[in-house]
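Nothing here was measured: the structure is a model prediction, and the numbers come from that model. Note: hydrogens, waters and symmetry copies are ignored here, and every other heavy atom, side chains too, is used.
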There are 2 protein chains.
Amino acid sequence: MAFEKIEYKPIPVRELLREMKNLSELMIDLAYSAALFNDRELAEDVLELEKRIDTLAYQLEMVTMIAARDAEDAEALVGVSKVASAADKISDAAADIAAIVIRNIGVHPIVSEIFERVEEHLIKVKVHEESVIVGKTINELDLAPRMGVDIIALYRKNDWIINPKAEEKIQAGDVLIARGTSEGLKELMALCEGKLDKLED
Amino acid sequence: MAFEKIEYKPIPVRELLREMKNLSELMIDLAYSAALFNDRELAEDVLELEKRIDTLAYQLEMVTMIAARDAEDAEALVGVSKVASAADKISDAAADIAAIVIRNIGVHPIVSEIFERVEEHLIKVKVHEESVIVGKTINELDLAPRMGVDIIALYRKNDWIINPKAEEKIQAGDVLIARGTSEGLKELMALCEGKLDKLED
């Protein structure tokens with residue numbers, strides 16, 4: 001197994017920590033969904049994200065080392081480092097759950113039942129070229145108030161955008177991870193797949 | 001440090017696993033809040049819950065051992081065991097965050113910023129004897145639709161009730177953990193403390 005060298009990059013601690021926290025929470029959701037739907041591809045995404053969190057953890061460690069110039073700085077920053085390692089543990093837990101799917105252990109009905117949320121579900125859907133949502137911003141889709149759906153992440157050109165901003169424009173080929181009511185998710189799926197030609201009112 | 005002997009109890013795997021999952025998620029929320037508000041008491045609750053998860057993990061391990069009578073059972077149940085250990089890791093991560101507060105490391109502004117949710121907050125509040133909500137069921141309080149507030153856990157007589165049912169009656173002395181809009185939480189707090197005499201419309 002080959003690993004890339006992790007180089008120091010002057011990324012602000014704030015950004016690194018926020019991404020680690022958001023990613024780790026997303027991973028738990030994805031891992032639950034992967035187990036619930038026995039979705040191997042989603043499980044592989046979780047393992048992919050776990051590698052990314054590891055990289056972020058190394059970077060954050062280097063950035064805090066450089067930022068701390070005296071004892072006072074070090075005391076202030078050690079808490080940041082602990083929170084980062086907590087996010088790392090959460091992502092490990094998500095990877096463990098994903099591994100159940102990858103290793104074909106089989107998802108016990110008890111596990112499915114535990115992960116099933118009464119009202120909330122998660123989908124992963126690719127945006128087809130002919131979809132009406134291509135070129136629209138997330139804001140324009142008006143998903144949350146209209147359909148009870150949130151786009152929590154999107155995968156574009158081998159990169160994850162977590163909690164995409166309202167001004168983010170959807171591109172053909174984007175893979176969306178959305179959370180919401182079953183009705184709303186069905187509509188979003190139809191929109192993404194080009195099976196629905198206009199946003200319903 | 002004295003630990004109680006953990007005895008085998010014939011609790012269904014389903015119940016143990018559900019409680020572990022729910023508790024671990026609650027702990028993450030509580031740990032974030034403890035860090036955000038530098039709330040030592042809340043942080044101690046997180047560590048208390050971590051012990052409970054450990055106990056549940058032992059019990060679940062024993063119950064699955066006894067339930068598995070042949071290779072097929074064992075293969076079906078190993079996934080359950082992995083999910084339980086993932087919940088355990090999540091609870092460890094929560095405990096790490098709580099430890100920042102307990103050990104007076106100090107919560108760095110970056111950490112507060114990361115944990116701050118834009119619209120959602122968490123409170124912990126004790127129900128006073130003279131509060132109008134004593135004796136009412138959670139359903140009667142009508143918190144979610146009326147105030148945008150959910151009671152996610154309550155602490156009663158040294159025991160946690162996670163995701164209390166709609167029919168659960170509030171008792172004087174209960175400690176509620178609630179999540180919701182700041183407005184709604186302010187109202188709930190005033191109600192619990194007996195500073196507000198009736199449910200607003």
Side-chain angles (χ1 to χ4, degrees), chain A residues 12-22 24-25 27-29 31-32 35 38 60 64 67 72-101 103-118 163, chain B residues 12-22 24-25 27-29 31-32 35 38 60 63-64 67 72-101 103-116 118 163:
Chain A
V13 173
R14 174 181 285 104
E15 261 178 48
L16 289 168
L17 191 64
R18 171 169 294 135
E19 188 169 356
M20 285 185 74
K21 174 179 172 288
N22 288 344
S24 64
E25 288 175 350
M27 285 173 66
I28 291 289
D29 279 344
Y32 285 173
N38 210 359
L60 188 130
T64 50
E72 204 183 328
D73 286 349
E75 285 183 355
L77 283 166
V78 73
V80 170
S81 168
K82 290 302 279 178
V83 171
S85 83
D88 206 5
K89 279 188 193 171
I90 292 171
S91 80
D92 286 348
D96 284 353
I97 294 170
I100 298 174
V101 179
R103 304 183 74 174
N104 284 320
I105 291 177
V107 178
H108 196 284
I110 289 178
V111 173
S112 311
E113 198 184 300
I114 300 296
F115 287 165
E116 184 96 48
R117 307 223 177 137
V118 186
N163 295 328
Chain B
V13 173
R14 173 180 286 103
E15 259 178 50
L16 289 168
L17 190 64
R18 170 168 295 134
E19 188 169 356
M20 285 185 75
K21 174 179 172 289
N22 288 344
S24 65
E25 290 175 349
M27 284 173 68
I28 291 290
D29 279 345
Y32 286 174
N38 209 0
L60 189 131
V63 170
T64 51
E72 205 183 326
D73 286 350
E75 284 183 356
L77 283 166
V78 74
V80 170
S81 168
K82 290 302 280 179
V83 172
S85 85
D88 205 6
K89 278 190 193 169
I90 293 172
S91 81
D92 285 349
D96 283 354
I97 295 170
I100 298 172
V101 179
R103 303 183 74 173
N104 283 320
I105 291 177
V107 178
H108 195 283
I110 290 179
V111 173
S112 310
E113 200 184 298
I114 300 294
F115 287 166
E116 184 98 47
V118 185
N163 295 328

(request) Could you look at L17(B) and say if it's the side chain, the backbone, both or neither that has a heavy atom under 4.5 Å from chain A? (result) both
(request) Would you give the length of the straight line joining atom NZ of K82(A) to atom CG of L77(A), rounded to the nearest 0.5 angstrom? (result) 14.5 Å
(message) Under the rule for salt bridge (charged side-chain N to carboxylate O under 4.0 Å, His left out), what residues qualify as partners of D96(B), not counting sequence neighbours?
(response) K89(A)
(message) Tell me every residue that passes salt bridge (charged side-chain N to carboxylate O under 4.0 Å, His left out) with R103(A), counting only those two or more places apart in sequence or in another chain.
(response) none
(message) Is any side-chain heavy atom of H108(A) closer than 4.5 Å to one of E113(A)?
(response) no
(request) Against chain B, label V107(A) side chain, backbone, both or neither, depending on which of its atoms sit under 4.5 Å from a heavy atom there. (result) neither
(message) Can you tell me which of I97(B), V83(B), N22(B) forms the most heavy-atom pairs within a distance under 4.5 Å of chain A?
(response) V83(B)
